[in-house]
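What follows is a set of notes on a single structure, which appears directly below.
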Amino acid sequence: MDYNNKIGIVSINEIQGMDFMIPNYQRGYRWEELQVRELLKDLYNFIKSPTSGFYCLQPLVVKRSVIDKSSFYSNITNLLSSIKDETDPIGCLESNLQRYTSWEVIDGQQRLTTLYIMLMVLKNHVPYNLRYQTRPDSKEFLENIMSKSTEDGDKNIDFKHMFKAREEVVSWLNDKSEEDKSMLYDTILEKVKFIWYESIGESPIDVFTRLNIGKISLTNAELIKAALLNKSNYTNLHSDIIRTKQIQIATKWDEIEYALQDDEFWLFLNDKNSKELTRIDFIFKILFENDCFDLKSELTEEDYEDQIGNDRYSVYRYFAKKIEMVSVSPSFEDCFDNIWGKVTALYDTLREWYNDPLLYHYIGYIIWSLEDDKKGPKDRRKEINKWYKSWRLESSDKKAFLQKIKNEIRDNIIGKSSAELEKLHYEKNKSLIRKVLLLHNVQTVISQHEIQDDKYKLSTFYKFPFHLFKKEVWNVEHIDSATTNDLSKTKDQKSWIRAAIADGKLKYDDERIKRFLSLKDKETIEGFQDIYEEVMKEYPSDNLLNECAKRPEGDEVNERMLIWNLALLDEGTNKSYHNSIFSVKRSFVIYKEQGVHCHLSDKGEVETDTQRAIAFVPICTKQAFMKYYTSDANALLAWTRGDAEKYRDDIIEKLTDFLRK
């Protein structure tokens, strides 16, 4: 084909040996296994189709550039002399020029990279040269992708996606015949074609933005990156300085995105439903919503609405407008650094909070509280910005900053005295109880590391795992059964009997028990009350929580509904043992921490399932069921009044700084 044409059709065969460079304003390789599999299926169906023709891909938009200008100019005379006797001098010239030409890929890099990986898997064949301006090591990784390991793929996010794509191709080809593989290879080379579009005289950034702005996968952050790395922003700077600045921004950008991909860090700041395609968008949204450049005061309301708008690309237009405004400044370099500086300053602060034991726990707790109150992502970003502003004012006095956070938790989240805490009721104050119980867990973790004697401090600081806590649904649940009730329904009676068998109080071989468990849920039989009373003789009533206890104020309260009988447990475990007595619940908690799902059988046996669970139980929940708070570890078969009182006392002691006087 004539590559001087602006548009045409080109097969993979025709671009073999050519050099393609993925510029730093583009995101890296991000195709998922599903996208790779879908392309393979499409190509396979095309091969098996009786129709002829070629398989057309979306446009490959490129811009010509010279790889080695000095070598090109020094050889131009010899080049022109060597082609004067050729029958097709223009074609010969074009062919020779390819040795000095590289093609900047403006659009189409995902498919270009995927086809490269497919050909490598099929015949270990390097079809063309792919270079990545931001991450030069990607070239070597692709050229040797067949020898790369999972560990190699984990080195950065681009490598991970490339490695997963290779594994998907290998897996998909596993059941295909050698003939099919050979046909697929030939088809990719000869019949898979790009629409070749060479951009001439246009800014690659502008073309890239125009082509991609309608795609769902393109994010505000990716467009902002293109604007930040646009070479035209640095017209007054030396080319070496420009290159250095571009590398600095691109490197830091990758560092931020990679760090935010870690769920432990991400879920410290967000909830499990926050699914940013590029997580660095989160940083830009905070700055945008805070109007970090004060554009609302620099532009009229009408101009702001017209130039920034309020659609999904408002964040991009906000930053692009600021870049445009500073680009005319005499001290443009300083102004531009200020724009990127705001991004890195916010990220560095979030990272500092995450790495600091106290800030991590208290800020993480406040952000979770907003989520628990059904506040949305924007509310959480607003809260983060509020504390970011405060941090900038108080960063030289961490103690004062921490006190502000504690005051916020005391006044606006807990808002109770110790006496009021004791009266919180499961049915009336469930949301607040959940906040109290989580704070108890957080404070317990912190207190374990506040031992003054260095000899006994833990070598590694254990953090409360907000990321695991947020991945499951955690509810307030009773440590001992919510009520002794009359168990009038056959279904509940059978459940209670299974629990008593598991507790060793009844035997499954007893004919009475077998007969009772064989009943259908709506059938009734006499004798349950006798069985119930027989078991309950072993639990003195004055040592158990009372359903109708008299309070000093003269009213009655169900003690089983108070905080001393409540703990945090995940929804799945709650459903598993909802009506079980203490000792059976304790078994479920133990299995849960071991990462095992379980259920209660008719024989009263706690049976494990093959499915694995998240092996995490909040520390205070575990300690309650292990009788940690009771100095004289009484029987593990029941939750007694003494256990409940000690547990309540520990909650109040740990939360002293967060309770009103």
Side-chain angles (χ1 to χ4, degrees), residues 12 20 22 26-48 55-58 60 105 107-128 130 132 134-135 137-177 180-181 183-185 187-188 192 194 212 215-219 221-222 254 257-258 260-263 266-267 272-281 467 471 611-612 614:
I12 303 302
F20 293 96
I22 311 301
Q26 285 205 38
R27 57 183 172 170
Y29 181 69
R30 292 295 182 273
W31 263 28
E32 302 288 348
E33 294 97 319
L34 176 62
Q35 293 164 293
V36 176
R37 187 162 60 251
E38 286 176 345
L39 180 55
L40 282 165
K41 286 180 180 178
D42 278 351
L43 291 175
Y44 189 71
N45 290 335
F46 172 77
I47 292 171
K48 299 298 184 180
Y55 184 93
C56 191
L57 295 167
Q58 290 181 352
L60 178 60
V105 179
D107 195 48
Q109 70 130 327
Q110 304 295 330
R111 284 174 174 78
L112 199 63
T113 305
T114 304
L115 289 171
Y116 186 109
I117 293 169
M118 288 180 182
L119 290 171
M120 289 295 291
V121 173
L122 284 164
K123 287 199 177 179
N124 204 20
H125 168 59
V126 180
Y128 35 78
L130 273 180
Y132 292 76
T134 300
R135 193 170 286 131
D137 290 343
S138 292
K139 179 178 184 295
E140 185 275 336
F141 187 91
L142 276 174
E143 289 175 347
N144 298 281
I145 195 168
M146 297 310 297
S147 63
K148 297 299 181 182
S149 64
T150 303
E151 184 178 331
D152 295 325
D154 286 339
K155 288 182 179 178
N156 64 60
I157 192 168
D158 284 4
F159 289 3
K160 178 175 284 189
H161 280 84
M162 290 171 181
F163 182 81
K164 285 184 176 180
R166 186 204 79 178
E167 292 297 277
E168 183 59 34
V169 177
V170 170
S171 174
W172 190 86
L173 291 172
N174 189 49
D175 62 351
K176 301 297 182 294
S177 67
D180 282 344
K181 293 176 185 177
M183 288 176 64
L184 179 60
Y185 176 80
T187 296
I188 292 175
V192 171
F194 281 104
N212 287 278
K215 292 182 180 178
I216 294 175
S217 59
L218 195 67
T219 67
E222 289 163 338
D254 283 350
E257 179 64 27
Y258 186 76
L260 290 170
Q261 288 295 329
D262 178 0
D263 275 353
W266 178 250
L267 293 178
K272 65 180 180 180
N273 296 317
S274 299
K275 302 187 184 299
E276 301 280 5
L277 292 174
T278 49
R279 290 185 171 180
I280 197 173
D281 269 304
H467 63 299
K471 284 181 177 179
Q611 182 183 2
R612 303 293 293 179
I614 296 178

* Asked: Are any side-chain N or O atoms of Asn45 and backbone N or O atoms of Asp42, one a donor and one an acceptor, separated by less than 3.5 Å?
  -> no

* Residues two or more places apart in sequence or in another chain: which of them pass side chain to side chain contact (heavy atoms under 4.5 Å, CB included) with His161? -> Tyr29, Arg30, Glu32, Ile157

* So does Asp180 pair up with Lys48, basic N to acidic O under 4.0 Å? -> yes

* To do: Please collect all salt bridge (charged side-chain N to carboxylate O under 4.0 Å, His left out) contacts where either partner lies in residues 161-171, sequence neighbours excluded, each pair once.
  => Arg37-Glu168

* **Asp281: partners by salt bridge (charged side-chain N to carboxylate O under 4.0 Å, His left out), with sequence neighbours left out** => none

* Asked: Taking only residues two or more places apart in sequence or in another chain, which ones pass side chain to side chain donor-acceptor pair (under 3.5 Å) with Ser147?
  -> none

* Gly28 and Gln109: which non-hydrogen atoms are nearest, and at how many Å? -> O-NE2, 3.6 Å

* To do: Report yes if the side chains of Thr114 and Gln35 come closer than 4.5 Å at any heavy-atom pair, otherwise no.
  => no

* To do: Evaluate the side-chain proximity of Tyr185 to His125: yes if any heavy-atom separation is below 4.5 Å, no if none is.
  => yes

* **From NZ (Lys148) to CE (Met120), nearest 0.5 Å** => 10.5 Å

* To do: State, with a plain yes or no, whether a side-chain heavy atom of Leu142 is found less than 4.5 Å away from one of Met162.
  => yes

* Output, in order, the C-alpha distance, side-chain angles, deciding distance and verdict of salt bridge (Lys or Arg N to Asp or Glu O under 4.0 Å) for Arg279 and Asp263. => CA-CA 11 Å; Arg279 290 185 171 180; Asp263 275 353; 3.1 Å; yes

* With side chains defined as the heavy atoms from C-beta onward, is the minimum distance between Ile145 and Tyr116 less than 4.5 Å? -> no

* Say whether Asp152 and Ser149, considering side chains only, have a donor N or O and an acceptor N or O under 3.5 Å apart. => yes

* **Distance, nearest 0.5 Å, that separates CG of Asp154 from CZ of Phe163** => 8.5 Å

* Asked: Of all residues at least two apart in sequence or in a different chain, which pass the ring pair (Phe, Tyr, Trp, His ring centres under 6.0 Å) check with Tyr258?
  -> none

* **side chain to side chain donor-acceptor pair (under 3.5 Å) involving Glu33 - partner list, sequence neighbours excluded** => none

* Who pairs with Asp137 by side chain to side chain donor-acceptor pair (under 3.5 Å), at least two apart in sequence or on another chain? -> none

* State which residues pass side chain to side chain donor-acceptor pair (under 3.5 Å) with Gln261; sequence neighbours excluded, sorted by chain then number. => Glu257

* To do: Give a yes or no answer on whether the side chain of Gln26 reaches the backbone of Val105 with a donor-acceptor pair at less than 3.5 Å.
  => yes

* Asked: From Ile188 CD1 over to Leu115 CG, what is the distance, rounded to the nearest 0.5 angstrom?
  -> 6.0 Å

* When rounded to the nearest 0.5 angstrom, what is the spacing between CE in Met118 and OG1 in Thr113? -> 11.5 Å

* To do: Name all residues meeting the salt bridge (charged side-chain N to carboxylate O under 4.0 Å, His left out) criterion together with Glu151; count only those two or more places apart in sequence or in a different chain, and write none if there are none.
  => none

* Please identify each residue that fulfils ring pair (Phe, Tyr, Trp, His ring centres under 6.0 Å) with Tyr132, with sequence neighbours left out. => none

* Set of salt bridge (charged side-chain N to carboxylate O under 4.0 Å, His left out) partners for Lys139, sequence neighbours left out -> Glu143

* Asked: Do Lys176 and Tyr44 meet the cation-pi criteria used here (NZ or CZ under 6.0 Å from the six-membered ring centre, within 45° of the axis)?
  -> yes

* **Partner set under salt bridge (charged side-chain N to carboxylate O under 4.0 Å, His left out) for Lys41, not counting sequence neighbours** => none

